[in-house]
2 protein chains.
Amino acid sequence: MSDPTRTTRTAATLHDVAREAGVSLATASRVLNGSTRKVAESYRERVQAAADKLGYTANLSAQATARGTAAIVALLVADIADPYFGQLASGVARGADEAGLVVTIAITERDPQREVRLVRALRGQRPRGLILAASRTDENDAAGLAPELEAFAANGGRVVALGRVAGDIRSVPLDNHAGAAALGARLAGLGYRDAVIVGAAEGIRTSDDRIAGFAAGFGGGGGTVREIVRGGFTRDAGYETGVRLLEDGLAEGTLVFGISDVVAIGIMSAVRDAGRSIGDDIAVAGFDDIATGRDIRPGLTTVRVPLEELGHRALRAVVDEDWDADQAPLPLEVIVRGSTPPRS
Amino acid sequence: MSDPTRTTRTAATLHDVAREAGVSLATASRVLNGSTRKVAESYRERVQAAADKLGYTANLSAQATARGTAAIVALLVADIADPYFGQLASGVARGADEAGLVVTIAITERDPQREVRLVRALRGQRPRGLILAASRTDENDAAGLAPELEAFAANGGRVVALGRVAGDIRSVPLDNHAGAAALGARLAGLGYRDAVIVGAAEGIRTSDDRIAGFAAGFGGGGGTVREIVRGGFTRDAGYETGVRLLEDGLAEGTLVFGISDVVAIGIMSAVRDAGRSIGDDIAVAGFDDIATGRDIRPGLTTVRVPLEELGHRALRAVVDEDWDADQAPLPLEVIVRGSTPPRS
DNA sequence: TTGTATGCGTTATCAA
DNA sequence: TTGATAACGCATACAA
């Protein structure tokens, strides 16, 4: 304020702070941003005082250029309005906060081409890491995602993917197959004999794994998967698929397994709108255990995925130097609620 | 690859591209990143080819240091796992994508102190703008948010807040009061006479406005607000408050207005868990119209807030040069569903 | 421990 | 139109 050389329209720089404190740029840098603390207490105080007075905030971009890497982690999700990704992002954000990183978020809209473009753009930030939460499909490879990721990794960036992926990529293990198998077995044990699976398009690994797992578990328990229908990953896709299924005729006592809770909830609405009842008439199960599943009646039977924890782990995978690649997958738990009453 | 001076572990720089193309740094910069296009076509092509070959991606940090501002918009939300903020963020992300901006997200956890810290940290990115979606409370001012925002604005950053705020701040108008009043009037018209309001802590403007509006509308229609209870903004807060209300005794035919859908849904669960029924016994209404409200039965009566659009507008407010400060607030629409059946 | 000087990848000014 | 070159704000190797 007393310094006429500084205009109000420019944020205080480290230079300003150093001058104000009467020390060198290097010293100011060390006390304010440096990690190795070797500055005399008197200087330290003066610099701090000057920084406070000037309202100094380190210019992260400049820091990043100087250091060659930014304190950023980029998160790619299919749709941030989807509670699945919301909870996941929540865990990522928490971890980032702990690690002193800023989270940059990008929406793929489940478009592989778009995803590649986004990765390319995000690379420009030179983020510490890239977390891919979006469903990886075979199409992605066709769209040229792999080389982009490799380039990023080659430059010192860390790529973390949910579920397993090939290449030089860390991944947070999540055994969709086992979880779905446990669900299928449990429901077979409850007496269900006929099931329809509403999945996403073929090639989406999460969907494929869950379908295969459920079929295995349900079949192993004596049930039969009558049909596998392909829809999308959204609530509306679930609803529409549900409507179609009902039009084609769905016998009483049939179990419909939606590939995710969001889809399952869409199916439930379709069932109700068709005048059928959930549970004794048409049973519905999902996967993920999003909050809504607890609040609807009957409650949605599902497999609990610790999404927040999953996001947090993904972030740790970016940050941790000694990351254990062979860690145990996060525990999945079958939760039976009213949407699949015991069938005698 | 054929160039031995470039190691694999370093991303291609503009310098590399220029050298590869046999042009100057300046020229390369102009064709690749500059806006004013005045480069000979032959050069342009050569530069592009070189960039493609080398897999060049502009270093956004360096760009930001040079330009003094980053192509970033920072978004502050209370909780990204909350569908309210999820949808909002979705709109922001869409707008950012259109404007060529990257979205940085930070979670305030509804902690004013934390919010101030975050704003401070985000300022370091020198983002183009800052969108405050978190509920602004009077405490914020006490925690010193205002000076931080002013400093940001003084340095050319744009602050956008949801709802109205004081100072040199753009805001996306949202008439919570009017929306809640319309809801109250409508419900009074349906025959409800006694209501309890479950709000958030005093000082949270969104909550205060909705409470006041509802009271006005409901009272104007001949109803009486029996009680105003203070809880939180979460589903669990709604649930707990609901439990307490029921324990204290809630007469049949009472209408409970939750300050947001999330809260209202918590209340509904509490009502059901207490063995009471939603609708004819205890009626419940919310605000926001999140997706879940459509999928539960009975459906949740609410006020529809175009959240995605709200987020998009917030981003436009950051970007647009000719922003109309006096634009009409987004239209809010009362949606009556089964949770508030007509009462004769 | 402190300061000087150089570099980080871009942009932008100013000559050519 | 194109090309040197000086910023941009900060980190850091090296010298003092």
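Every chain is numbered from 1 and lettered A, B, ... according to where its sequence line falls, protein lines coming before strand lines.
- You'll find the side chain of A/T104 stays beyond 4.5 Å of the side chain of A/V73, heavy atoms only.
- At C/dG9, none of the side-chain N or O atoms of B/T13 fall inside 4.0 Å of OP1 or OP2 (strictly under the cut-off).
- Distance A/N59 CG to D/dA11 C1': 13 Å, rounded to the nearest Å.
- Straight-line distance from the NE2 atom of A/H15 to the P atom of C/dA5: 13 Å, rounded to whole Å.
- In this structure, the CZ atom of A/R19 is 17 Å from the C1' atom of C/dG3, given to the nearest Å.
- Residue B/E41 contributes atom CD, which lies 16 Å from atom C1' of D/dT2 at whole-angstrom precision.
- Side-chain contact annotation: A/R126 with B/S61, donor-acceptor N/O pair under 3.5 Å absent.
- If you measure from atom CG of A/L60 to atom P of D/dC10, you get 10 Å, rounded to the nearest angstrom.
- Using a 4.5 Å heavy-atom threshold, the side chains of A/V17 and A/L32 count as touching.
- The separation between A/L54 atom CG and D/dG9 atom P is 13 Å, rounded to whole Å.
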With side chain to side chain contact (heavy atoms under 4.5 Å, CB included) as the criterion, how do A/V319 and A/L101 come out once you've worked through the C-alpha distance, each side chain's angles and the decisive distance to 0.1 Å?
CA-CA 10 Å; A/V319 168; A/L101 298 180; 3.8 Å; yes
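- Base contact: A/T65 has a heavy atom under 4.0 Å from a base atom.
- Taking CZ from B/R114 and CG from B/L118, the interatomic distance works out to 5.0 Å, rounded to the nearest 0.5 Å.
- Across all strands, A/S42 comes closer than 4.0 Å to no nucleic acid atom at all (heavy-atom distances).
- Applying the 4.0 Å criterion to OP1 and OP2 of D/dG3, one finds that B/T27 has a side-chain N or O inside that range.
- Between A/R126 atom CZ and D/dC10 atom P there is a gap of 20 Å when expressed in whole angstrom units.
- Looking only at side-chain heavy atoms (C-beta outward), B/R158 and B/L130 stay at 4.5 Å or farther from each other.
- Contact record, B/D320 with B/R170: O-NH1, 2.9 Å, taken as the closest heavy-atom pair.
- The separation between B/D16 atom CG and C/dC8 atom C1' is 13 Å, rounded to whole Å.
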Return a single string for nucleotides 11-16 of chain C, one symbol per nucleotide in 5' to 3' order, where B is base contact, S is sugar-phosphate-only contact and - is none, cutoff 4.0 angstrom on heavy atoms.
SB----
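- Of all nucleotides listed (D/dT2, C/dG9, D/dC10), D/dT2 comes nearest to the side chain of B/Y43.
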